[in-house]
Amino acid sequence: QLADTVTNRLATAGGRLASRVHWHDGAGFHYGLDEFVDLCARIDAMPWIIIPSTVTQSELPLLADFMRRKQRQHHFKRWVLEYGNENWNGLFRPAALTNDEVHAERVRTLFLGLRKLLPELPFQPLINAQSAWPERSAPEALSAHQLRGALAIAPYYFDTLNNAESDQSILAKLFPNDEVRILKGFRKLMPATPPWLYEYNLHTDKGDAGFAKRERAVAGVAAGLSLAARALSFYDQGVINHAVYTLSQIYGLANGKTVDNTKLIPLWGISRDFAFPTMRPSGLALELMNRAVGGQQPGTGPGVEEVG
């Protein structure tokens with residue numbers, strides 16, 4: 001997200017250094033890209049790899065050699081390659097490309113170079129775009145069309161919860177029914193190619209609600225039904241490639257601070273813990289949907305590497 005090299009991405013487990021601050025200990029990673037791709041093969045997942053936005057043309061042969069070797073080993077039906085993470089997002093400006101024309105040209109150059117190096121390998125180019133502002137992504141859409149790729153968006157929802165809100169107000173935010181509206185602008189840009197969802201979930205990190213009210217709203221049964229309804233609505237609109245963010249529970253800040261003086265708020269995670277796997281209602285809903293459609297839609301990590 002905040003810059004890296006292909007060499008570091010390909011380092012062996014224990015040898016890969018963090019390319020940004022790691023929330024746990026800042027020391028690095030206990031796996032490399034090699035182990036990640038092997039895990040994808042083991043669980044029959046499609047490897048979705050974020051190529052660092054700071055990658056150079058001289059590094060592409062190293063990445064191509066790695067992919068060629070792993071393809072001979074695992075015979076993936078398709079790889080998914082995304083250039084950078086949220087290049088449109090000013091929060092990641094140190095290594096992002098917030099100028100859409102520059103971003104589009106950079107993506108086109110990168111993926112055309114990879115196609116020359118890997119003409120026989122099936123990979124899907126993805127270009128991230130801002131879900132709330134499709135019009136700005138016209139340059140990226142043109143590049144995606146030329147590359148036979150697609151745009152990727154993150155339609156998060158329910159960002160604000162206040163103490164004074166009623167249950168009816170909360171339910172209206174849990175079920176916004178805005179999927180058709182979100183997709184309308186992107187259909188104008190790429191009528192024949194639906195966007196991919198590289199991340200989505202509730203994003204309730206604003207408002208003055210306390211911990212108990214916030215947890216009930218975002219981690220309860222209604223939240224699970226809400227995520228399922230959103231996933232199926234996008235699916236009905238032809239958007240079949242989903243990655244829910246995220247498998248592990250994350251606790252964060254509301255409005256940049258703790259709530260009730262000391263507490264962090266539950267955000268995004270579809271599981272409560274790993275020691276004795278316990279799924280949130282949103283995780284159970286996701287599991288049931290995947291069973292119903294045979295794993296075709298939607299999914300979550302570990303099939304996505306380095307997103308978020």
Side-chain angles (χ1 to χ4, degrees), residues 1-6 9 19-20 46-64 67 78-119 121-156 181-200 234 238-243 245 304-308:
Q1 206 170 31
L2 302 181
D4 199 3
T5 64
V6 171
R9 287 288 167 95
S19 57
R20 53 182 170 147
M46 178 175 54
W48 186 331
I49 296 173
I50 307 300
I51 298 175
S53 57
T54 52
V55 70
T56 63
Q57 290 295 116
S58 62
E59 292 180 282
L60 292 186
L62 184 61
L63 178 61
M67 293 178 62
R78 178 167 56 171
W79 296 64
V80 180
L81 302 180
E82 184 178 355
Y83 174 67
N85 179 47
E86 296 192 1
N87 284 305
W88 53 267
N89 194 337
L91 289 174
F92 308 137
R93 189 174 180 83
L97 293 171
T98 54
N99 182 300
D100 294 288
E101 295 284 353
V102 174
H103 181 210
E105 179 57 34
R106 175 68 173 144
V107 168
R108 185 162 48 241
T109 300
L110 175 85
F111 283 123
L112 286 176
L114 270 179
R115 284 210 187 277
K116 288 182 179 179
L117 293 169
L118 296 169
L121 192 144
F123 72 83
Q124 169 77 42
L126 288 186
I127 308 175
N128 45 72
Q130 187 175 4
S131 64
W133 191 1
E135 294 81 8
R136 71 170 287 186
S137 298
E140 286 90 348
L142 178 59
S143 287
H145 175 74
Q146 293 170 339
L147 294 165
R148 302 190 303 279
L151 296 177
I153 62 174
Y156 284 100
R181 177 188 60 78
I182 290 172
L183 294 175
K184 183 178 180 180
F186 291 100
R187 284 195 169 121
K188 290 181 180 179
L189 295 175
M190 299 189 72
T193 308
W196 289 43
L197 307 187
Y198 69 85
E199 294 176 20
Y200 70 107
F234 277 120
V239 180
I240 63 172
N241 297 290
H242 299 205
Y245 188 80
V304 183
E305 202 275 348
E306 283 288 276
V307 172

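Counting from 1, the numbers follow the sequence of the chain as shown.
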Q) Which atom pair, heavy atoms only, marks the closest approach of L114 to A64? A) CD2-CB, 4.4 Å
Q.
If you define the side chain from C-beta out and look only at heavy atoms, does anything of Q124 sit under 4.5 Å from N241?
A. no
Q: Please round to the nearest 0.5 Å and tell me the distance separating atom OG of S131 and atom OH of Y156.
A: 10.0 Å
Q) Sequence neighbours excluded, which residues qualify as salt bridge (Lys or Arg N to Asp or Glu O under 4.0 Å) partners of E101? A) none
Q: Considering non-hydrogen atoms only, spot the tightest contact between P134 and L189 and give its length.
A: O-CD1, 3.1 Å
Q: Take atom CZ of R136 as the centre, draw a 6.0 Å sphere, and report whether it contains more than 12 heavy atoms from other residues, nucleotides or ligands.
A: yes
Q.
As an exercise, state the distance from CD of Q130 to OG1 of T98, rounded to the nearest 0.5 Å.
A. 11.0 Å
Q. Can you name the closest pair of heavy atoms from S53 and N87 and give their distance?
A. CB-OD1, 3.8 Å
Q. Does the side chain of I153 come within less than 4.5 Å of Y200's, by heavy atoms?
A. no
Q.
Determine whether L112 and K116 satisfy the following criterion, side-chain contact (heavy atoms from CB on, under 4.5 Å), listing intermediate values before the conclusion.
A. CA-CA 6 Å; L112 286 176; K116 288 182 179 179; 5.6 Å; no
Q | side-chain contact (heavy atoms from CB on, under 4.5 Å) partners of L142, counting only residues at least two apart | A | Q146
Q. For R108, which residues count as a salt bridge (Lys or Arg N to Asp or Glu O under 4.0 Å) partner, sequence neighbours excluded?
A. E105
Q.
Would F111 and I51 count as a side-chain contact (heavy atoms from CB on, under 4.5 Å) here? Give the steps.
A. CA-CA 10 Å; F111 283 123; I51 298 175; 4.2 Å; yes
Q. At what distance, to the nearest 0.5 angstrom, does CG of L121 lie from CE of M67?
A. 5.0 Å
**Q.** Atom of L183, atom of P195 and distance for their closest heavy-atom approach
**A.** CD2-CG, 3.7 Å
**Q.** N128 (side chain) donor-acceptor with G84 (main chain) under 3.5 angstrom
**A.** yes
Q. Who passes salt bridge (Lys or Arg N to Asp or Glu O under 4.0 Å) against R78, sequence neighbours left out?
A. none
Q. Looking at A104 and S143, what are the two nearest heavy atoms and their distance?
A. O-OG, 2.9 Å
(Q) Are the side chains of P52 and T5 in contact, using a 4.5 Å heavy-atom criterion? (A) no
Q) Pairs in or reaching into residues 185-196: which pass side-chain hydrogen bond (donor to acceptor under 3.5 Å, both in side chains), with residues at least two apart or in two chains? A) R187-Q237
Q: Taking the side chain as every heavy atom from C-beta outward, state whether Y198 and L126 have any atom pair closer than 4.5 Å.
A: no
(Q) Taking the side chain as everything from C-beta on, heavy atoms only, tell me whether I49 gets closer than 4.5 Å to V80. (A) no
Q: Evaluate the criterion side-chain contact (heavy atoms from CB on, under 4.5 Å) for residue pair L147 and V107; output intermediate values, then yes/no.
A: CA-CA 9 Å; L147 294 165; V107 168; 4.0 Å; yes
**Q.** Which residues share a side-chain contact (heavy atoms from CB on, under 4.5 Å) with T56, sequence neighbours left out
**A.** S58, E59
Q. Considering only heavy atoms from C-beta outward, does the side chain of H103 approach that of I127 to under 4.5 Å?
A. yes
Q | Side chain to side chain, V55 and R106, heavy atoms closer than 4.5 Å | A | yes
Q: State whether the side chain of R9 and the backbone N or O of I50 hold a donor-acceptor pair below 3.5 Å, judged by distance alone.
A: yes
**Q.** Taking every non-hydrogen atom, the tightest pair across R148 and P125
**A.** O-CD, 4.1 Å
(Q) Run L151 and E140 through side-chain contact (heavy atoms from CB on, under 4.5 Å) and show every step you take. (A) CA-CA 7 Å; L151 296 177; E140 286 90 348; 3.9 Å; yes
